[in-house]
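Structure record follows, encoded as structure tokens.
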Protein chains: 2
Amino acid sequence: MFRQDAVLDLAFQALADPSRRAMVDRLAQGPASVSELAKPLAMSLPAVMQHLAVLEASGLVKSRKVGRVRTCSIEPHALSRAEHWIAERRALWERRLDRLGQFLDETKGD
Amino acid sequence: MFRQDAVLDLAFQALADPSRRAMVDRLAQGPASVSELAKPLAMSLPAVMQHLAVLEASGLVKSRKVGRVRTCSIEPHALSRAEHWIAERRALWERRLDRLGQFLDETKGD
DNA sequence: TCTATACTTAAGTAGAAACTTAAGTGATGA
DNA sequence: TCATCACTTAAGTTTCTACTTAAGTATAGA
């Protein structure tokens with residue numbers, strides 16, 4: 001549906017805010033309601049809802065409403081995608097450094 | 001110096017933009033000058049400089065000027081920190097799912 | 001020395017982001 | 001039934017972002 005790129009935009013954008021990371025942090029320990037997520041944050045409930053909307057739009061979090069309570073939980077696949085994007089670039093760079101070091105070692109004796 | 005949190009703010013914020021991710025992607029293959037980074041991007045050079053400034057402020061990229069050429073390169077530690085923040089939360093969640101599955105398996109026979 | 005190259009600085013603008021308050025809606029429990 | 005709880009919607013404000021163009025500065029090469 002979307003450019004893979006756009007998915008990462010949304011994920012990293014979502015993780016860029018400390019309140020949203022606090023929410024993800026909380027959810028990593030298990031599902032929580034909107035008010036539970038809001039409790040430690042120094043902001044209005046609508047503000048928390050907006051953060052939640054950003055997290056859901058990014059795919060990092062899903063939620064379901066039962067009765068009057070909305071329960072939120074982590075979507076590990078989306079976390080995984082962001083994590084792997086970084087890991088791949090870092091691995092590429094580090095492999096490069098290894099090859100460079102190996103080259104220097106090999107030519108040192110010449 | 002900074003809240004660890006603020007470091008992650010800057011890193012994820014930096015990675016949230018596709019042009020900046022393209023720059024990191026390019027740099028993962030080895031150092032590059034500002035103009036090399038700019039070439040594939042459809043924007044003015046000052047715009048690229050501003051993206052570079054964001055990347056440097058986040059610690060993801062370092063640069064050094066020699067003569068009139070500024071050479072940029074990846075800072076793998078900063079990438080690593082962002083990567084691990086995600087990995088830890090995901091691991092926590094997945095361990096929770098495992099315990100839950102185990103619990104369900106164990107009680108299934110009752 | 002003169003000109004082109006490779007950035008760099010400054011200033012301005014449109015649109016997005018992160019809140020706020022006020023006013024709902026629909027479930028729950030006494 | 002009716003107050004309370006748990007959100008939800010709407011609208012407005014302030015701040016930040018991602019650009020732009022125009023005008024520099026310093027180095028390199030002819």
Side-chain angles (χ1 to χ4, degrees), chain A residues 2-3 5-27 30-73 82, chain B residues 2-3 5-27 30-73 82:
Chain A
F2 294 113
R3 301 186 348 268
D5 227 33
V7 173
L8 287 172
D9 286 4
L10 294 173
F12 285 127
Q13 181 66 46
L15 293 175
D17 184 276
S19 304
R20 283 193 298 260
R21 278 203 311 284
M23 293 166 76
V24 169
D25 211 12
R26 165 65 190 78
L27 291 176
S33 71
V34 174
S35 345
E36 281 177 304
L37 289 179
K39 199 163 296 174
L41 301 176
M43 65 180 66
S44 67
L45 200 55
V48 174
M49 299 284 298
Q50 285 168 38
H51 281 307
L52 179 58
V54 171
L55 286 169
E56 291 208 56
S58 75
L60 291 169
V61 165
K62 286 264 153 69
S63 77
R64 244 194 102 197
K65 193 163 183 176
V66 175
R68 59 186 172 181
V69 177
R70 177 173 297 280
T71 301
C72 311
S73 54
Chain B
F2 294 114
R3 300 187 349 268
D5 227 34
V7 173
L8 288 171
D9 286 4
L10 294 173
F12 285 126
Q13 180 67 48
L15 293 175
D17 184 275
S19 305
R20 283 193 297 261
R21 278 204 311 284
M23 291 167 77
V24 169
D25 212 12
R26 165 65 191 79
L27 290 176
S33 71
V34 174
S35 346
E36 281 177 304
L37 290 178
K39 197 164 297 175
L41 301 175
M43 65 181 68
S44 67
L45 200 55
V48 174
M49 299 283 297
Q50 286 167 37
H51 282 307
L52 179 59
V54 172
L55 287 168
E56 291 208 55
S58 75
L60 292 169
V61 164
K62 286 265 152 70
S63 78
R64 243 193 103 197
K65 192 163 184 177
V66 174
R68 60 185 174 181
V69 177
R70 177 173 296 278
T71 301
C72 310
S73 54

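Keep in mind that what you see is a predicted model, and the values were worked out from it rather than measured. Each chain gets a letter, A, B and so on, in the order its sequence line appears, and its residues count up from 1.
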Protein-to-nucleotide contact annotation, 5' to 3' order, nucleotides 17-22 of chain D [B base; S sugar-phosphate only; - none; under 4.0 Å, heavy atom]: -SBBBB

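- Residue R70(A) places at least one side-chain N or O under 4.0 Å from the OP1 or OP2 atom of dT8(D).
- P40(B) and L37(B) make their closest contact through CD-O, 3.4 Å (heavy atoms, listed as atom of the first residue, atom of the second, distance).
- For L27(B) against A32(B), the heavy-atom pair with the smallest separation is CD2-N, 3.7 Å.
- Residues S63(A) and E56(A) have side chains that bring a donor and an acceptor to within less than 3.5 angstrom of each other.
- Summarising the geometry, the separation between NZ on K39(A) and C1' on dC5(D) is reported as 12 Å, rounded to the nearest angstrom.
- Applying side-chain contact (heavy atoms from CB on, under 4.5 Å) to L41(A) and the options M23(A), R26(A), H51(A), R20(A) leaves one that passes, M23(A).
- Between L60(A) and A11(A), the shortest heavy-atom contact is CD1-O, 3.8 Å.
- Distance F12(A) CZ to dA17(C) P: 17 Å, rounded to the nearest Å.
- In this structure, R68(A) places its CZ atom 6 Å from P of dA6(D), rounding to the nearest Å.
- Counting to the nearest Å, the P atom of dT5(C) and the CD atom of E36(B) are 16 Å from each other.
- For the pair K65(A) NZ and dA6(D) C1', the computed distance is 7 Å after rounding to whole Å.
- Atom CE of M49(A) and atom P of dT25(C) are 16 Å apart (whole Å).
- Here the closest heavy-atom approach between residue V48(A) and residue M43(A) is recorded as CG2-CG, 3.8 Å.
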